[in-house]
Amino acid sequence: MQFTDTLREATKNSWEQSVNHPFVKGIVNGDLPLETFKYYILQDIYYLKHFGKVHAMAAAQAEDFHVTAMLAEKAKSTAQAELTVHKAHAEILNISEEDTANFKPAPTAYGYTAHLYRAAHSGSLGQTVAALLPCYWLYADIGKTYKDAKPKEKIYQNWINTYADDWFHTSTQEQIDLLNSIAEDSSEHEKEKMKEQFIIAKEYELAFWEMAYTKEQWFSDRQWHAPVSLNK
């Protein structure tokens, strides 16, 4: 059993919930409200910008120049490709300059990117790659699972096609292979750290769907009730 197999097993419950989350099902069935998807796109554009930066940090951590080159290219190509798709989505969804100017990340989007930076600041290539991998792997799995879906909403079909495409699965497999290679030369203690980074990132992937589905807000922006005073 490879190291990444143990990571999948450790996140089995989270993985199942992610693939079958109502947000994903709404895309697959074509009945997710476009305003909900618009919210997601804005949050994901924010996430991807930081996702690319953390790849660059991972590239600097690598001792093997070939790994450095691969990660540097991914910092550019993967984020750039997804942002290009999102740009097309933004045009369809009429995301305005005002929407962009007034954007602020939701708690989950902010927390997820903070986790990626924390993993990178550990100084360990293995921990950084482990934190980055769930984003690749989950989306590739969703693309594979729903590749035959035919939602009537064209924007949702485009989204599924992006992650069902061979280029994305190849990129994902490269990341899986890299993490397994790193794990082979890592101590048990380091592998536990890598596993921890992966599990937390995977939990954030699930939380990202819920964030988008509920259009999560910061507490100060929510309508909520203050605790009832017991004093009469």
**Message:** One pair to check against side chain to side chain contact (heavy atoms under 4.5 Å, CB included): Glu153 and Leu34. What are the steps and the verdict?
**Reply:** CA-CA 9 Å; Glu153 190 65 58; Leu34 285 175; 4.1 Å; yes
**Message:** Below 30° counts as parallel, above 60° as perpendicular, anything between as tilted: where do the rings of Tyr139 and Tyr163 land?
**Reply:** perpendicular
**Request:** Establish, from distance only, whether the side-chain atoms of Glu205 and Ser18 form a donor-acceptor pair under 3.5 Å.
**Result:** no
**Asked** Within the side chain of Thr11, is there an N or O that forms a donor-acceptor pair under 3.5 Å with the backbone of Ile199?
**Response** no
**Partner set under ring-ring contact (aromatic ring centres under 6.0 Å, His included) for Tyr112, not counting sequence neighbours** = Tyr47, Tyr204
**Prompt:** Looking only at heavy atoms, which two atoms of Trp159 and His89 are closest? And how far apart?
**Reply:** CD1-CE1, 4.1 Å
**Request:** Supply the atom-to-atom distance Leu179 CG to Ile176 CD1, rounded to the nearest 0.5 angstrom.
**Result:** 9.0 Å
**Item:** Donor on one side chain, acceptor on other, Lys191 and Ser186, under 3.5 Å
**Value:** no
**Prompt:** Counting only N and O atoms by type, is there a donor-acceptor contact under 3.5 Å from the side chain of Ser122 to the main-chain atoms of Arg118?
**Reply:** no
**Asked** Any donor-acceptor pair under 3.5 Å linking the side chain of Asn180 with the backbone of Gln2?
**Response** no
**Asked** Nearest 0.5 Å, what's the CD1-OG1 distance between Ile41 and Thr36?
**Response** 12.0 Å
**Flag, side chain of Glu203 to backbone of Ser14, donor-acceptor distance under 3.5 Å** = no
**Prompt:** Which atom names give the shortest non-hydrogen contact between Ala149 and Ile160, and what distance separates them?
**Reply:** CB-CD1, 4.0 Å
**Prompt:** Under 30°, 30 to 60°, or over 60°: which ring-plane class applies to Phe23 and Tyr40, parallel, tilted or perpendicular?
**Reply:** tilted
**Message:** Is the distance between the ring centroids of Phe51 and Tyr136 under 6.0 Å?
**Reply:** yes
**Request:** Kindly indicate, with the supporting measurements, whether the criterion side chain to side chain contact (heavy atoms under 4.5 Å, CB included) is fulfilled by Asn94 and Asp99.
**Result:** CA-CA 9 Å; Asn94 296 315; Asp99 290 328; over 6 Å; no
**Message:** Once rounded to the nearest 0.5 Å, what's the spacing between atom NE2 of His50 and atom OH of Tyr46?
**Reply:** 4.0 Å
**Request:** Using a 4.5 Å cut-off on heavy atoms from C-beta on, say whether the side chain of Val28 contacts that of Thr145.
**Result:** no
**Message:** I'd like to know whether CD of Glu16 has more than 12 heavy-atom contacts from other residues, nucleotides or ligands below 6.0 angstrom.
**Reply:** no
**Message:** Which heavy atom of Asp141 sits nearest to which heavy atom of Trp15, and what is that distance?
**Reply:** OD2-NE1, 2.8 Å
**Prompt:** Has the side chain of Lys74 got a donor or acceptor atom that lies under 3.5 Å from a matching backbone atom of Ser171?
**Reply:** yes
**Asked** Is the backbone of Asn158 close enough, under 3.5 Å, to the side chain of Thr162 for a donor and an acceptor to pair up by distance?
**Response** yes
**Asked** Checking side chain to side chain contact (heavy atoms under 4.5 Å, CB included) for the pair Glu196/Ile200: CA distance, chi angles, key distance, verdict?
**Response** CA-CA 6 Å; Glu196 179 183 23; Ile200 293 173; 4.0 Å; yes
**Side-chain donor or acceptor of His115 paired with backbone N/O of Gln197 under 3.5 Å** = yes
**Asked** His55 and Tyr117: aromatic ring centres closer than 6.0 Å?
**Response** no
**Request:** List the steps, then state whether side chain to side chain contact (heavy atoms under 4.5 Å, CB included) holds for Tyr39 with Glu216.
**Result:** CA-CA 9 Å; Tyr39 175 97; Glu216 181 186 63; 3.8 Å; yes
**Message:** Heavy-atom count check: over 12 atoms from other residues, nucleotides or ligands less than 6.0 Å from Asp166 CG?
**Reply:** no
**Message:** Closer than 4.0 angstrom, basic N to acidic O: yes or no for Asp44 and Lys49?
**Reply:** no
**Request:** Decide whether Leu206 and Leu7 are clustered together by the hydrophobic rule: side chain heavy atoms of Ile, Leu, Val, Met, Phe, Trp, Tyr closer than 4.5 Å, transitively.
**Result:** no
**Prompt:** Is a side-chain donor or acceptor of Tyr156 paired with a backbone partner of Leu32 at a separation under 3.5 angstrom?
**Reply:** yes
**Request:** First locate atom NZ of Lys195, then atom OG1 of Thr6, and finally report the distance between them rounded to the nearest 0.5 Å.
**Result:** 6.0 Å
**Request:** Enter the distance from Glu35:CD to Lys38:NZ here, rounded to the nearest 0.5 Å.
**Result:** 5.0 Å
**Asked** Between Asp5 and Met1, is there a donor-acceptor pair closer than 3.5 Å when you use the side chain of the first and the backbone of the second?
**Response** no
**Message:** Minimum heavy-atom separation for Thr128 and Ala119, please, with both atom names.
**Reply:** OG1-O, 3.6 Å
**Fill in**
When every non-hydrogen atom of Tyr213 is compared with those of Pro22, the smallest separation belongs to CZ-CB, 3.5 Å
**Asked** Between Trp137 and Thr4, which heavy-atom pair has the shortest distance, and what is it?
**Response** CH2-O, 3.5 Å
**Complete:** Taken to the nearest 0.5 Å, the spacing of Ile142 CD1 from His21 NE2 works out to 10.5 Å
**Request:** Answer yes or no: is there a donor N or O on one side and an acceptor on the other, between the side chain of Asn29 and the main chain of Asp31, under 3.5 Å?
**Result:** no
**Asked** When you check the gap from the basic side-chain N to the acidic O, do Glu190 and Lys193 get nearer than 4.0 Å?
**Response** no
